[in-house]
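A short worksheet on the structure shown next.
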Amino acid sequence: MELTKIFGSNVFNDKVMKELLPKEIYKALKETIEKDIPLRPDVADVVANAMKDWAISRGATHYTHWFQPLTGITAEKHDSFISPEADGSVILEFSGKQLIQGEPDASSFPSGGLRATFEARGYTAWDCTSPAFLKEDESSNVTLTIPTAFYSYNGEALDKKTPLLRSMKAVSKQAQRVLKALGNTTSTKVTSTVGPEQEYFLVDKKFYLDRIDLMLTGRTIFGAPAPKGQELEDQYFGSIKDRVSDYMNDLDTELWKMGITSKTKHNEVAPAQYEMAPIFTTTNIATDHNQLVMETMQKVALRHELVCLLHEKPYAGINGSGKHNNWSLSTDDGINLLEPGSTPGENVQFLVFVSALIAAVDKHADILRATCATAGNDHRLGANEAPPAIISIFMGEELTEILAKISKGEKITAKGAQFVGVGVDTLPIIPKDNTDRNRTSPFAFTGNKFEFRMVGSAQSIAGVNVALNTIAAEALDEIAKRLEKAKDKNAEVVAIVRETYKKHSRVIFNGNNYAEAWVKEAEKRGLPNVRNAVDALKAFITDKAFKLFEKYEVLSHKELHSRYDIYTEAYSKQINIEALVAIDMAKKQFIPAAIEYATFLADSISSFKAVSIAANVQEDLLKKLGALLTSSYKNLTKLEAAVAKAQLIADTVKSAENYRDNVFTVIQALRKDIDAIEAIVPADMWPVPNYTDLLFKL
Ligand code: ADP
Ligand code: MG
């Protein structure tokens, strides 16, 4: 099929709605979607019926309310359209009520104390701002999938979507106030937009199935480095191998069918690492789509005898995977509020919005950091290519200079367009991008948007965008108050830029974020550097966070606390699983393999000696192996004791801290021994595929 026909073919999108809904119903639904007006029940009935007929005509037998509980992945329960008749036959039905609200038994989803098991009711509510679509599996089972929000009996959010929608409303309202105060009379709505770039690894399924650490934790807990890593830089943007290319094509097709604008694909830095990026859309849809991207990446991989690894650090010693969350604000009449234009120094709107972001990020760096805090991302932040755990903003030299000049009351001289000449006549001369990229910054201004690079590859992007929208809303609220009162708006804008720069320029850093010197410099500037998830998550339960999220009605005190508890517990659970896997592998696979080789060496020594030949090599190897065996067994025993102890700690925070300090550290010590053993034991005696198998045999 042609690409243009494939694209969106499984989506109940605007085109389909226009075609299938009576005019008046279509208009009413559009009003709900665009102007946040409650949906009329009679409209819902007609829409539901049209959706059902459309889905059935495409082979669907079931529908599902699709939602995003706090596990970070998606959930679905399928109901068929059948409704029994008195004569023993069935008709197919789908009412407005069924479309609008569902009631999954929610007792097994994490609620962080928001809901006791005996009152486990949870509700799902149709989010009509994200279109319904058909999910197909390989054997053509088709399900009508309805994006929904998930909340408790008391209306408390149990999911990632509810606060995201609330935060979009908050930032829209405050941004509009600012626009109005600046004299904008044409825009009626502001939407936060996101384009999330997704990194991932592929591994051959047959190797994956031979490693329970990959299977159960998503990462290799053990593994000596391969002789080659990423040092030749031959993978990044390298030509894509056929097998991978086939996979990517298949993935694109599946994504396009669901209306996901998969645009860019390429090899990433580490061996067997790749990236996919869609074209940006509303934060809400981008978040739904990113969940589908992750799910589809994993599903399609299996068809190619591959496994897609979304973990932030599947392999030690080479780059991990992240998600680059490109974020901006757009009006309904198409203005990107972070577009600097050709003369940013005179672009009042741009200066105001950029100032708001600088203030917001500096003030709430701790919250942004918290949204990226997971056990998996701990391996990444600060290691190899990833940005360090310090939040700073890259603004680029030119924009920084403009802000600095305004703050000092100096005149800005427009530089005029600058061009890059390459010195080859046949190549075009291109305008110089005044926001030259800095790949090391966690929060970079990249032309007309901010790119937040700390997000982990396996994470939902909901959390980070809830935070971005809300902190932006607060900063814009403060600016709106000033502008609404000011007589001379331009003078007030200058004052706002000046004050923001004076107070918050410490968060701007255009240098190399990977350099050790930056860590020291950031400390001098008083910027927080929280190195682990357990500590980082605490930013969700500070007075500052409670005040912020409550004021903009994004998350209540109780909701924040429940999230904090769930994420902290998730950390402990993850490390607990990793510890158990480490124990299992060391005990049942690696130590026995080491003993087998040691026995082989011992036998060899006896045989050599029996015929009076020196066995120096064997003796030396045996000595080394013996020492490592002793040490690994000691660490294994220590790990078993540490886990047993950690499992007894009831307090959520103490437990997580204990897993971090007393369990995770012992896993690392055990790994050191086992990896050293792997480096000695013959390859054919090693019980699991090694790093060369995993990384270079695609
Ligand atoms: P790079 O890897 O060079 O950063 P990519 O093309 O891989 O660039 O990704 C850039 C992402 O930013 C894309 O998803 C793109 O759609 C998105 N983007 C562009 N403009 C905006 C915007 N105004 N708001 C949000 N995202 C945007
Ligand atoms: Mg990219």
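Atoms within a ligand are numbered from 1 in the order they appear, just like the ligands themselves.
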Could an N or O of ligand 1 be found under 3.5 Å from any N or O of [X], whether backbone or side chain?
X      : result
Thr193 : yes
Glu197 : yes
Val194 : no
Pro196 : no

Heavy-atom distances under 4.0 Å are what count here, so tell me which part of [X] touches ligand 1: side chain, backbone, both or neither.
X      : answer
His324 : neither
Glu275 : side chain
Arg439 : side chain

Contacting atoms of ligand 1, where contact means under 4.0 angstrom from a heavy atom of [X]:
X      : value
Glu451 : 4 (O)
Ser328 : 22 (C), 23 (N), 24 (N)
Asn336 : 23 (N)
Asn326 : 10 (C), 11 (C), 12 (O), 17 (C), 25 (C), 26 (N)
Gly195 : 14 (O), 25 (C), 26 (N)
Pro278 : 13 (C), 14 (O), 16 (O)
Ile279 : 16 (O)
Ala277 : 7 (O)

field: Closest to atom 6 (O) of ligand 1 (judged by heavy-atom distance), picking from Thr191, Thr264, Thr281
entry: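 Going through Thr191, Thr264, Thr281 one by one, Thr264 has the nearest heavy atom to atom 6 (O) of ligand 1.
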message: As an exercise, state the distance from CE of Met294 to OG of Ser457, rounded to the nearest 0.5 Å.
response: 8.5 Å
Distance, nearest 0.5 Å, that separates CG of Leu555 from CZ of Phe540: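 These two atoms lie 8.5 Å from each other.
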On the 0 to 90° scale, with breaks at 30° and 60°, tag the [X]-[Y] ring pair as parallel, tilted or perpendicular.
X      : Y      : value
Trp518 : Phe509 : parallel
Tyr247 : His304 : perpendicular
Trp66  : Phe133 : perpendicular

Charged N to carboxylate O under 4.0 angstrom, [X] versus [Y]?
X      : Y      : result
Glu339 : Lys449 : no
Lys228 : Asp234 : yes
Arg219 : Glu312 : no

Show the atom names and distances, to 0.1 Å, of all donor-acceptor pairs under 3.5 Å that link a side chain in residues 235-242 to residues at least two apart or in another chain.
| from | atom 1 | to | atom 2 | distance (Å) |
| --- | --- | --- | --- | --- |
| Gln235 | NE2 | Gln273 | O | 3.0 |

- prompt: Quick one: ring-ring contact (aromatic ring centres under 6.0 Å, His included) partners of Phe350, sequence neighbours excluded?
  reply: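 Testing Phe350 for ring-ring contact (aromatic ring centres under 6.0 Å, His included), a comparison that skips the adjacent residues, returns Phe445.
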